[in-house]
Amino acid sequence: MNVTGAAPLRLVWHNVAKTYGSRPVWQHLAGEIQSGEVLVISGPNGSGKSTLLRLFGGLEQPTVGTIEYIRGAQPLTPRAMRPQIGLVAPEMMMYRELTALENLQFVAAARGLGCSTAALLEQLAAVGLAGRTSEPVSSYSSGMLLRLKYALALVHQPTVLLLDEPTAMFDEAGRALVDTIITAQRQRGLTILATNDQRELAWGDFVLKVGSALQ
Amino acid sequence: MSNDRPASQPSRALWSAAWAVARKDVRIELRTRYALNSMLLFAVTTAVMVSFRLGPLGVSRDSRAVSTLAVLLWVAIFFAAMNGLSRTFVREEETRTVALLRLSTPPLAVYLGKLLVNLGLLALLETLVTLLFVVLMNVRIAQPGLFALILGLGGFGLAGATTIIAALVAKADGRNALFTILAFPLLLPLLIIAVEVTEVALAGSSWSNALGGLRVLAAYALAQTVASLLLFELTWES
């Protein structure tokens with residue numbers, strides 16, 4: 001499905017393997033998804049779900065194989081796609097000395113977005129942080145931090161949304177927020193989740209199981 | 001055939017992103033004051049300790065006294081800088097904000113933003129150390145223009161080299177010790193020349209006596225800037 005009108009964006013990975021030292025995480029991974037689709041990566045703890053997500057986000061390189069984003073004729077590596085990628089992950093922390101608004105202002109400016117303060121406040125309100133935008137992030141609860149991560153990941157309207165444990169710190173309201181975000185992302189591009197939560201598996205059109213072949 | 005970087009990166013967008021990084025770091029520094037406090041504390045402690053023994057009454061205006069003051073000035077600047085300038089990258093690793101920075105900011109903008117912050121910190125440090133030396137040790141700067149140029153060129157070389165070294169060591173264990181160990185041999189040529197030409201500025205000799213040294217300082221700053229710009233992306237992404 002492609003609602004944007006442009007050629008659909010495809011993510012294609014072929015013969016991908018990742019090794020840390022002599023320990024293989026997984027090997028011979030191959031697959032493809034495109035705009036409008038949601039892929040769920042599932043597997044036991046330590047199976048490399050987060051690692052694969054980081055590879056799709058261009059934050060790490062595969063030991064073997066290729067990962068490419070393709071729209072039209074020109075393939076792009078994940079690193080080159082970073083301006084169009086949004087990531088929510090437990091290991092990605094924000095600047096705790098800054099407020100939520102200042103964090104968002106920094107990311108928007110670094111990405112070259114000309115967002116007004118009103119637009120950024122609206123973005124924070126959309127993830128449920130209205131009224132708390134001027135507090136230092138260090139005073140936030142785990143759930144509020146996760147909401148801010150969603151605001152940071154969505155500020156540039158990414159065509160690729162990568163979510164690692166997307167509702168790990170959320171209550172039911174937070175879970176509903178993620179459901180809304182994933183539904184909206186289907187209109188904008190592709191989504192990849194890494195999770196073991198059975199309820200989150202239902203969001204996926206496809207499930208990629210990692211780790212079991214090497215156990 | 002894959003493409004490893006965007007087709008073009010307009011310089012205006014690059015500088016805008018670099019400015020965003022610098023503004024963010026300055027804001028955090030003003031709230032934590034980690035680098036500022038450690039640098040200022042070292043600079044003040046050194047200057048006060050030295051002034052007790054080599055104060056206005058302890059230093060004559062002969063050439064040996066001028067050499068001593070020039071060395072002490074750059075020793076204070078170097079060690080105070082070692083205490084604070086690595087924080088720009090180390091803090092990103094310690095607070096695990098690296099992923100956010102890598103995803104949102106072009107690598108070159110990260111380097112330029114961090115360099116701007118370190119240049120600002122070093123300018124502040126050099127001004128303070130100079131004032132302390134003038135007040136506590138009655139240092140008379142015979143060639144103020146030349147002296148300012150030396151501090152500018154030397155400071156640029158010092159800030160540029162420490163910024164790229166900080167990026168290199170940020171992921172390592174024992175990064176603080178490693179930072180000084182790596183910085184010292186790289187900065188030694190710069191410091192030796194800086195001391196030499198600072199003697200000229202303090203003694204009031206002719207500018208022509210400092211020209212050779214000034215050229216070396218400028219060449220050092222230029223060479224390390226070019227090398228840093230070429231190497232940074234590799235360092236940042238590895």
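Computed from a predicted structure; not experimentally measured. Numbers restart at 1 for each chain; the letters A, B, ... are given by sequence-line order, proteins then strands.
Interface check for chain A: of the options B:Val98, B:Leu101, B:Thr95, B:Val110, the most heavy-atom pairs under 4.5 Å are formed by B:Leu101. For the set B:Glu92, B:Arg31, B:Arg23, the entry with the most heavy-atom pairs within less than 4.5 Å of chain A is B:Arg31. Of the listed residues (B:Gly113, B:Ala17, B:Ser16), the greatest number of heavy-atom pairs within a distance under 4.5 Å of chain A belongs to B:Ala17. Taking A:Leu59, A:Val155, A:Ile70, A:Val107 one by one and counting their heavy-atom pairs under 4.5 Å with chain B, the maximum is reached by A:Leu59. Between chain B and the options A:Glu102, A:Arg54, A:Glu60, A:Gln105, heavy-atom pairs under 4.5 Å are most frequent for A:Glu102.
Of the atoms belonging to B:Arg102, heavy atoms from both backbone and side chain fall under 4.5 Å from chain A. Heavy atoms closer than 4.5 Å to chain A are found in the side chain of B:Thr32, but not in its backbone. For chain B, no part of A:Pro158 is nearby; none of its heavy atoms comes within less than 4.5 Å. When heavy atoms are compared at a cutoff of 4.5 Å, A:Gln61 does not approach chain B at all.
Summarising the local packing, CE of A:Met93 is surrounded by more than 12 heavy atoms from other residues, nucleotides or ligands at distances under 6.0 Å. More than 12 heavy atoms of other shown residues, nucleotides or ligands fall within 6.0 angstrom of atom CD in A:Glu32.
The nearest pair of heavy atoms linking B:Ser104 to A:Phe106 is OG-CE2, 4.4 Å. Closest of all the heavy-atom pairs between B:Pro106 and A:Ala110 is CD-O, 4.0 Å. When all heavy atoms are compared, the tightest approach of B:Leu100 to A:Met92 is N-CG, 3.7 Å.
Salt bridge annotation for A:Glu97-B:Arg91: absent, with no cationic side-chain nitrogen under 4.0 angstrom from a carboxylate oxygen.
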